[in-house]
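Everything on this sheet refers to the single structure shown next.
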Amino acid sequence: MSPPLLMVLIGLPGAGKTTLARVLAPRLAATIVDRDAIRARCCPGAPADARSNAIANAEMVREIGQRLRSGESVIADGRTYAADADRCRMAEMGLAAGARVRFVWLDVSLTLAKQRVAQSRGAHPASDRTARLVHEVARRFDEVEDRALHLDGSRSIAALADDVLLWLA
């Protein structure tokens with residue numbers, strides 16, 4: 001039996017991470033662990049602030065680790081993973097759980113990210129998704145390492161999913 005997969009999706013709010021996760025999950029027999037959904041469940045009605053994010057981040061790591069240790073493949077969604085330190089922690093956690101860890105970076109322009117965030121307003125579980133958040137995240141985005149699959153997130157989700165599947169093969 002092959003080890004489970006931990007796929008970590010990297011990108012600005014509005015890059016298409018959630019949409020790609022939803023397309024890939026059934027094709028990879030993976031479970032999506034979404035920090036935004038966890039935050040809504042753990043902190044109902046609370047604003048998306050440092051406290052609720054910390055609670056959701058801890059729960060997300062716990063859930064991912066548990067699922068990986070039980071042999072499930074996981075797609076980590078709902079975070080930008082803008083900081084290299086966050087990506088390193090995910091890699092360490094995944095490897096400690098015996099998983100194959102893969103990073104996929106959906107790179108989009110600020111303009112496209114802001115357009116997508118505006119279009120998804122009210123339909124996305126993250127209440128803090130705004131053009132301002134896109135700019136804040138972009139300013140603090142660390143360089144993404146070469147080990148990540150770098151994709152042009154302006155392409156169709158079907159094409160992106162095909163690229164990911166080919167890369168994993």
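Numbers for residues simply follow the sequence, beginning at 1.
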Heavy atoms only: give me the nearest Ala97-Gly65 pair and the separation to one decimal.
-> CB-O, 4.4 Å
Nearest-0.5 Å distance, CD1 of residue Ile10 to CG of residue Leu149 | 10.0 Å
Test log, rule side chain to side chain contact (heavy atoms under 4.5 Å, CB included), inputs Arg89 and Val61 = CA-CA 9 Å; Arg89 279 192 288 278; Val61 167; over 6 Å; no
In terms of heavy-atom contacts, Val33 and Met60 come closest through O-CE, 3.3 Å
When hydrophobic residues are tied together by side-chain contacts of less than 4.5 Å, even through go-betweens, does Val164 share a cluster with Ile157?
-> yes
Lys17 side chain to Gly11 main-chain N or O, any donor-acceptor pair under 3.5 Å?
-> yes
Do you know which two heavy atoms are closest between Pro3 and Arg100, and how far apart they sit?
-> O-NE, 3.2 Å
Indicate if Tyr81 and Val74 have the same hydrophobic cluster label, given that clusters are the connected sets of ILVMFWY residues with side-chain heavy-atom separations under 4.5 angstrom.
-> yes
Do the side chains of Trp167 and Val104 get nearer than 4.5 Å, heavy atoms only?
-> yes
Verify same cluster id: Trp105, Leu12 (apolar side-chain graph, 4.5 Å) | yes
Side chains of Pro13 and Thr80: closer than 4.5 Å at any heavy-atom pair?
-> yes
Can you measure from CD1 (Ile38) to CG (Asn53) and round to the nearest 0.5 angstrom?
-> 11.5 Å
For the atom pair CG (Asp86) and CZ (Arg79), what is the distance rounded to the nearest 0.5 Å?
-> 4.5 Å
Do Ile55 and Cys43 come within less than 4.5 Å of each other through their side chains, counting heavy atoms only?
-> yes
Decide yes or no for Val144 and His150: does some side-chain heavy atom of the first lie under 4.5 Å from some side-chain heavy atom of the second?
-> no
Rounded to the nearest 0.5 angstrom, the CZ-SG distance for Arg35 and Cys42 is 11.5 Å
Would you check if the side chain of Arg67 reaches a backbone N or O of Ser73 as a donor-acceptor pair within less than 3.5 Å?
-> no
Report yes if some heavy atom in the side chain of Glu59 is under 4.5 Å from a heavy atom in the side chain of Arg41; otherwise report no.
-> yes
Within-4.5 Å side-chain heavy-atom neighbours: Val101 and Glu92 = no
Near Arg62 CZ, under 6.0 Å, is it more than 12 heavy atoms from other residues, nucleotides or ligands?
-> yes
Spell out, as yes or no, whether a donor-acceptor pair under 3.5 Å connects the side chain of Asp142 to the backbone of Asp84.
-> yes
Does Arg116 use its side chain to pair, donor to acceptor, with the backbone of Ala15 at less than 3.5 Å?
-> yes
Do Val117 and Leu133 pass the side chain to side chain contact (heavy atoms under 4.5 Å, CB included) test, and can you show the C-alpha distance, the side-chain angles, and the key distance before you say yes or no?
-> CA-CA 10 Å; Val117 163; Leu133 179 66; over 6 Å; no
Looking at Phe103 and Ala91, what are the two nearest heavy atoms and their distance?
-> CZ-CB, 3.9 Å
So do Arg27 and Asp162 actually touch side chain to side chain, heavy atoms under 4.5 Å?
-> yes
Just wondering, do Leu160 and Val23 contact through their side chains at under 4.5 Å, heavy atoms?
-> no
Linked, directly or transitively: Leu5 and Leu95 (ILVMFWY side chains, under 4.5 Å) | no
With hydrophobic residues grouped by side-chain heavy-atom distances under 4.5 Å, do Met90 and Leu68 end up in a single group?
-> yes
Short N-O contact, Arg155 and Asp163, less than 4.0 angstrom = yes
What do the steps show when you test Leu9 against Thr18 for side chain to side chain contact (heavy atoms under 4.5 Å, CB included), and what is the final call?
-> CA-CA 9 Å; Leu9 301 177; Thr18 298; over 6 Å; no
Minimum heavy-atom distance between Lys114 and Ala131, given as atom pair plus value | CD-CB, 3.6 Å
Give the minimum heavy-atom separation between Leu110 and Ala138, together with the two atoms involved.
-> CD2-CB, 3.5 Å
Going by an N to O cut-off under 4.0 Å, is there a salt bridge joining Arg39 and Asp49?
-> no
